[in-house]
Amino acid sequence: MKIIITKDYEELSAKAAKVMLEVVKDNPYAVLGLATGTTPLGLYAHMIADHEKHGTSYAHIRTVNLDEYKGLAKTHPQSYAYFMRKNLFDGLGIDPENTNIENGMAADEAKECARYDALLEQLPRDLQLLGLGSNGHIAFNEPGTPFSSGTHVVTLAESTVKDNARLFDDISEVPRKAFTMGIKQIMQAKKILILASGANKADAVCKMVKGEVTEAVPASVLQLHPDCILIADREAAAKL
């Protein structure tokens, strides 16, 4: 695992954008695995600024997202589909037909998971972007998730609900379940870029990098990936 430590969040975002844009510019037909949450917002802002300044094309770029809340329609302002449109896709002019995310309103969970599994087989990721949960989760793969997992529905850990509550008016509004890409599929990406910012991620970063590879810390599996880059700011990297 290559580790890049930055002085602050802004430098983290700039360095993450450099990695992402190298992939996009080297391969105009790249498949990008994307993440939500607050950590990638700076990266996404850099991508939009680059697109506006340099005209970097996303006409043929295809995307797949890690996860979506169960029970939220794609038009819901807290859905991840809405988040991606607002914070990245609209700014890059990506054709919505080239973007993919689980259907949070799917009535048949197993059928939706099978659909997404089949889609991921057809769209091998050139780069998979990840955030890091304070409990070591990646996507919504909570501690204890088998490394062999495919797309599945997960009941969110209370720590994850609390982490995400800041994005809702009240913690009671945070969905308790989500569809998520499995760890097996994350590991299939050619390159993985994981971002960590803030002191509340320091324990998880240390366990991910220096701890044993264990399903109790899902992110620890990234030690086994042949091309993984961690970009962490000083606070998140404080225990390394």
(Q) Quick test of your reading: applying side-chain hydrogen bond (donor to acceptor under 3.5 Å, both in side chains), list the pairs with at least one residue in residues 77-99, sequence neighbours left out, ordered by first then second residue. (A) Tyr69-Tyr80

Q) Which word best sums up how the rings of Tyr29 and His60 line up, parallel for under 30°, tilted for 30 to 60°, or perpendicular for over 60°? A) parallel

**Q.** Nearest heavy atoms of Phe83 and Ala35, plus distance in Å
**A.** CE2-O, 4.5 Å

Q) Quick one: does Ile183's side chain get under 4.5 Å of Glu215's, heavy atoms only? A) no

Q: Not counting sequence neighbours, which residues clear ring pair (Phe, Tyr, Trp, His ring centres under 6.0 Å) with His76? List them please.
A: none

Q: Step by step, work out the side-chain contact (heavy atoms from CB on, under 4.5 Å) result for Asn141 and Val154.
A: CA-CA 7 Å; Asn141 294 290; Val154 61; over 6 Å; no

Q: I would like to know whether Thr36 and Asp67 meet side-chain contact (heavy atoms from CB on, under 4.5 Å); could you show each step before the answer?
A: CA-CA 8 Å; Thr36 52; Asp67 37 38; 3.9 Å; yes

Q: Any pair with a residue in residues 180-189 that passes side-chain hydrogen bond (donor to acceptor under 3.5 Å, both in side chains), sequence neighbours left out, goes on the list, sorted by first then second residue, please.
A: Asp117-Gln185, Thr151-Gln185

**Q.** Heavy-atom closest pair, residues Pro218 and Phe147
**A.** O-CE2, 3.9 Å

(Q) Side chains of Asp50 and Thr56: any donor to acceptor distance under 3.5 Å? (A) yes

Q) Between Asn135 and Pro143, which heavy-atom pair has the shortest distance, and what is it? A) ND2-CD, 3.4 Å

Q: Search all heavy atoms of Gly133 against all heavy atoms of Ala204 and return the closest pair with its distance.
A: O-CB, 3.4 Å

(Q) Under a 3.5 Å distance rule, please check whether Gln128 uses its side chain to pair with a backbone N or O of Ala189 as donor and acceptor. (A) no

**Q.** Phe179: hydrophobic cluster co-members (side-chain, 4.5 Å)
**A.** Val153

Q | Qualifying side-chain hydrogen bond (donor to acceptor under 3.5 Å, both in side chains) pairs, either residue in residues 101-110, two or more places apart | A | Lys70-Glu109

Q | Side-chain heavy atoms of Glu158 within contact of Arg176, under 4.5 Å | A | yes

Q. With the 4.5 Å side-chain cut-off for hydrophobic clustering, are Leu193 and Ile186 part of the same group?
A. no

Q: For Cys228, check side-chain contact (heavy atoms from CB on, under 4.5 Å) against everything at least two apart and list the hits.
A: Met1, Ile192, Ile194, Leu222, His225

Q: Determine the sole option in Asn65, Leu127, Asn100 for which the side chain to side chain contact (heavy atoms under 4.5 Å, CB included) test with Leu34 is passed.
A: Asn65

**Q.** Minimum side-chain heavy-atom gap Ile48-Leu92 below 4.5 Å
**A.** yes

Q.
Which residues pass the salt bridge (charged side-chain N to carboxylate O under 4.0 Å, His left out) test with Lys207, not counting sequence neighbours?
A. none

Q) Do Val209 and Ile231 share a hydrophobic cluster, counting only Ile, Leu, Val, Met, Phe, Trp and Tyr and linking them when any side-chain heavy atoms are less than 4.5 Å apart? A) no

Q. In chain order, what residues pass the side-chain contact (heavy atoms from CB on, under 4.5 Å) check against Asp170, with sequence neighbours excluded?
A. Ser172, Glu173

**Q.** Set of side-chain contact (heavy atoms from CB on, under 4.5 Å) partners for Leu224, sequence neighbours left out
**A.** Met187, Val213, Val221

Q: Run the numbers on Asp233 and Ile5 for side-chain contact (heavy atoms from CB on, under 4.5 Å), then give the verdict.
A: CA-CA 5 Å; Asp233 61 20; Ile5 299 174; over 6 Å; no

(Q) Please say yes or no: joined through hydrophobic side-chain contacts below 4.5 Å, possibly via intermediate residues, are Ile94 and Val64 part of one cluster? (A) no

Q. Does one hydrophobic cluster hold both Leu132 and Leu156, with members joined at side-chain heavy-atom distances below 4.5 Å?
A. no

Q: Quick one: list whatever passes side-chain contact (heavy atoms from CB on, under 4.5 Å) with Lys239, sequence neighbours left out.
A: Ala202, Asp203, Cys206

Q) Same hydrophobic cluster for Leu230 and Leu43, using side-chain heavy-atom links shorter than 4.5 Å among ILVMFWY? A) no

Q. Would you say Gln223's side chain and Gly211's backbone share a donor-acceptor pair under 3.5 angstrom?
A. yes

Q: Please identify each residue that fulfils salt bridge (charged side-chain N to carboxylate O under 4.0 Å, His left out) with Lys74, with sequence neighbours left out.
A: none

**Q.** Full working for side-chain contact (heavy atoms from CB on, under 4.5 Å) between Met208 and Ile138
**A.** CA-CA 11 Å; Met208 173 179 68; Ile138 46 176; 5.9 Å; no

Side chains of residues 10-23: which donor-acceptor partners sit under 3.5 Å, not counting sequence neighbours?
{"from": "Glu10", "atom 1": "OE2", "to": "His46", "atom 2": "NE2", "distance (Å)": "2.9"}
{"from": "Glu11", "atom 1": "OE1", "to": "Lys7", "atom 2": "N", "distance (Å)": "2.8"}
{"from": "Ser13", "atom 1": "OG", "to": "Tyr9", "atom 2": "O", "distance (Å)": "3.1"}

